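Contents: one structure, followed by commentary.
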Amino acid sequence: MPSTTYRTELKKVRGLGSAIGGPGTDHFWAQRLTAVSNLFVVAFLVYTGLTLAGAPLGDVKAFFGHPFNAIASILVVISTAIHMRLGMQVPVEEYMPHGLKVPFLFLNTFFVIVIAVVGVLSILKLFLGN
Amino acid sequence: MAEAKPIAGTRPLAPKPMSPHLSIYRFKINMILSIMHRVTGITNYFGSLILAIWIASAATSEQAFNTVSSYLATPLGLVILIGFTWSVMHHMLGGIRHFVWDVGWGFSKSAVQFLSWATLFGSLTLTAIIWGYALSHWGHALSLWGAR
C-alpha cells in the first residue's frame with residue numbers, strides 16, 4: 001500500500017506559498033501598519049465630528065480651509081482606504097462562493113478607489129475654495 | 001463530494017481533514033468578539049459611504065449639504081451615526097486587542113476573557129462619552145430634529 005500525503009504534487013511544483021515573503025506577508029504587514037495609523041484617524045474623526053456636528057456649511061468650509069485639517073483629512077482617506085481594501089478582501093475570499101469571488105474582489109477595489117477619490121477631491125475643493 | 005482523482009504516476013491523496021464547525025463549541029465571549037470584529041469591520045467599510053456623501057455634499061452646494069445634514073439629524077440618522085460610532089470604537093479596541101496578541105501577550109484564559117470584555121465595555125463607554133458630549137453641545141441640530 002502506497003503511503004498517503006496531504007500535500008499535492010502541484011504544491012511541490014509551485015514551491016513557496018503566499019505566506020513566505022509573498023503577498024500574504026505584505027497583506028498582514030500593511031493591514032497592521034494602517035491599523036496603527038487608523039488610531040490617529042479615529043482620534044481626528046472624533047475631533048472633526050464633535051467640532052462640526054450641527055454646524056452650518058460656512059463652519060465646515062472654514063474647518064477644511066485650515067491646512068492642518070485638510071492634510072489630516074486626506075491622510076484619513078488614504079489610511080482607511082488601504083485598510084478597508086485589505087480588510088474586505090478577507091471575508092470575500094473566505095465566504096464568497098467560487099464563481100463570485102473574483103468579481104467581488106474587483107468590486108472591493110473599485111468601491112474603495114471611488115470612495116477615496118470622492119473624499120480627497122471634496123477635501124481639496126473645500127481647502128482650495130477658501 | 002467527489003474524491004480527487006490522483007494524477008497518473010503519483011501517490012493517491014488522503015482525504016483533507018475537516019475542522020469541526022461553529023455548532024459544536026461551547027459559548028465563549030472571545031468567539032463572539034471575533035465574529036463582531038469582522039461584522040464591525042464590514043459595517044465600517046460601508047459606513048465610509050456616509051462620510052464620503054457628507055464631505056461630497058459640503059463640496060457641492062449649500063443645498064446639497066443642508067439636505068444631507070437634515071437626513072443625518074433625523075432620529076433614524078442619529079441611530080445610524082451612533083451605531084457607526086460604536087462600530088468604529090469596537091473595531092478599534094478589537095484591533096488593539098489583536099495587537100496585544102500579535103506581540104505574544106494576553107494568551108492566558110483569564111487574559112483573553114478580560115480583553116474581550118474590556119473591548120465590549122470599552123466600546124460602549126467611548127460611544128457614550130462621544131455622543132454624550134455631541135448631544136449636549138449639538139443644540140442647533142437638536143432643534144432641527146425637534147422642528148421636523
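Throughout, a chain's letter reflects where its sequence line sits, starting with A, and its residues are numbered from 1. Since the structure is predicted, the reported quantities are computational estimates derived from the model, not experimental observations. Atoms considered below: every heavy atom in the structure, side chains included; atoms not considered: hydrogens, waters and symmetry mates.
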Of the backbone (N, CA, C, O) and the side chain (C-beta and beyond), which part of [X] lies under 4.5 Å from a heavy atom of chain B, both, or neither?
X        : answer
A:Tyr95  : side chain
A:Leu121 : neither
A:Gln31  : neither
A:Val90  : side chain

Near [X] [atom1], under 6.0 Å, is it more than 12 heavy atoms from other residues, nucleotides or ligands?
X        : atom1 : value
B:Trp101 : CH2   : yes
B:Phe107 : CZ    : yes
B:Gln63  : CD    : no

Using non-hydrogen atoms and a 4.5 Å limit, figure out which bit of B:His98 sits close to chain A: side chain, backbone, both or neither.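 Contact with chain A involves no heavy atom of B:His98 at all.
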What part of B:Asn66 gets closer than 4.5 Å to chain A, counting heavy atoms only: side chain, backbone, both or neither?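 Interface part for B:Asn66: neither.
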Can you tell me how far the OH atom of A:Tyr47 sits from the CD1 atom of B:Ile130, to the nearest 0.5 Å?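 Answer rounded to 0.5 Å: 15.0 Å.
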From CG (A:Leu45) to CZ (B:Phe84), nearest 0.5 Å: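 Going from CG on A:Leu45 over to CZ on B:Phe84, the span is 7.5 Å.
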For residues [X] and [Y]: do they belong to one hydrophobic cluster (side chain heavy atoms under 4.5 Å, members Ile, Leu, Val, Met, Phe, Trp, Tyr)?
X        : Y        : answer
A:Leu52  : A:Phe44  : yes
A:Leu33  : A:Val36  : no
A:Val118 : A:Leu124 : no
A:Val76  : A:Met88  : no
B:Val88  : A:Met84  : no

Do A:Asn38 and B:Met92 come within less than 4.5 Å of each other through their side chains, counting heavy atoms only?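 Answer no - side chains too far apart.
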Using side-chain heavy atoms (C-beta onward) and a distance below 4.5 Å, is B:Met89 in contact with A:Val46?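 In contact.
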Residue selection (most heavy-atom pairs with chain B, distance under 4.5 Å) from A:Val114, A:Thr80, A:Val112, A:Ile115: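 Option with the top pair count is A:Ile115.
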Contact listing (chain A partner; residues 36-62 of chain B; heavy atom under 4.5 Å):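 Answer by number: B:Arg38, B:Ile42, B:Tyr45, B:Phe46, B:Ser48, B:Leu49, B:Leu51, B:Ala52, B:Trp54, B:Ile55, B:Ala56, B:Ala58, B:Ala59, B:Thr60, B:Ser61, B:Glu62.
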